[in-house]
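Take a look at the structure below.
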Amino acid sequence: MSGKAARKGLLKTTVALTAAGTMALAPMAPSAAQDAALEPVAVRIGANDTFTRVEFAGVIGARARIRRENRQIIIRVGSTAAPDIARLRVDPPPGVERVETRGVQGGTEVVIHLLEGAQAITGRADGAVFINLYAPGQGPAAAPSPAVPASGVVPVAVTAGPDRLQLRFEWAAPRGRRSVPPGRGRLDRLRPCRASGPE
């Protein structure tokens with residue numbers, strides 16, 4: 001066998017072993033999502049037509065605490081290394097005047113200064129702390145007025161007839177109407193309840 005043929009065979013074997021090793025070890029390589037989960041503080045930003053969502057995720061970021069002082073949203077992160085908020089500083093979302101960080105004992109605070117009339121909703125979900133930021137006039141839809149009166153008691157008007165009993169609940173706000181199929185609302189189908197408690 002000539003030297004040229006031996007080198008060609010060695011090259012083919014090396015390429016085959018490299019490809020096999022790459023395929024075998026590929027599942028062990030961390031993905032980008034796993035890398036983000038291992039970061040101490042990962043700042044993620046997303047937006048739609050209505051609001052901008054800022055998330056603090058990662059090992060430390062998911063344990064951040066949020067408080068509001070007037071028009072400031074303050075996110076306290078338990079790390080003295082400031083999170084990367086360059087995108088928020090350079091291009092603040094609608095409704096945000098400016099964003100800054102400040103060092104505090106045992107951590108860092110990210111301060112989001114809202115514009116007059118802007119709104120923010122905060123919470124925790126999917127292993128992250130989030131802030132939904134709304135531009136002035138773009139706030140979340142107003143919650144419907146509560147159906148239960150402020151007293152917490154819904155008055156009931158009872159009308160009894162020879163073969164029917166009618167109950168009318170005096171809700172504080174209009175409620176949807178629901179009909180009861182025939183035979184389902186008859187009193188003879190109800191079972192008496194026994195009071196629970198000490199005997």
Q. Per the side chain to side chain donor-acceptor pair (under 3.5 Å) rule, which among H113, Q72, R89 passes with E100?
A.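 Passing option: H113.
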Would you name the heavy atoms of [X] and [Y] that are closest together and state the gap between them?
X    : Y    : result
P83  : V43  : CB-CG2, 3.9 Å
P136 : E116 : CG-O, 3.4 Å
G106 : T80  : C-CG2, 4.4 Å
V41  : G61  : CG2-N, 3.9 Å
I66  : F130 : CD1-O, 3.8 Å
A64  : V129 : O-CG2, 3.5 Å

Can you measure from [atom1] ([X]) to [atom2] ([Y]) and round to the nearest 0.5 angstrom?
X    : Y    : atom1 : atom2 : result
L133 : T50  : CG    : OG1   : 13.0 Å
N132 : N48  : CG    : CG    : 8.5 Å
R44  : R87  : CZ    : CZ    : 13.0 Å
I74  : R65  : CD1   : CZ    : 12.0 Å
T108 : R76  : OG1   : CZ    : 8.5 Å
F51  : I131 : CZ    : CD1   : 12.0 Å

Q: Test L114 against every option in Q119, R68, E97 by the side-chain contact (heavy atoms from CB on, under 4.5 Å) rule and name the one that passes.
A: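 Going through the options one by one, the only one that passes is R68.
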(Q) Just so I know, are the side chains of T52 and I45 near enough to count as touching, which here means a heavy-atom distance under 4.5 Å? (A)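 With C-beta onward as the side chain, the pair touches.
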Q. Got more than 12 heavy atoms from elsewhere within 6.0 Å of CG, D126?
A.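 Not more than 12 within 6.0 Å, no.
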Q. Do you reckon I85 sits in the same ILVMFWY cluster as V90, going by side-chain contacts under 4.5 Å, direct or chained?
A.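 Result: no, two separate clusters.
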**Q.** Check: R164 side chain, T159 main-chain N or O, donor-acceptor pair, under 3.5 Å
**A.**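 Absent.
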Q) What's the verdict on side-chain contact (heavy atoms from CB on, under 4.5 Å) for L88 and V96, showing C-alpha distance, side-chain angles and the deciding distance? A) CA-CA 9 Å; L88 289 172; V96 174; over 6 Å; no
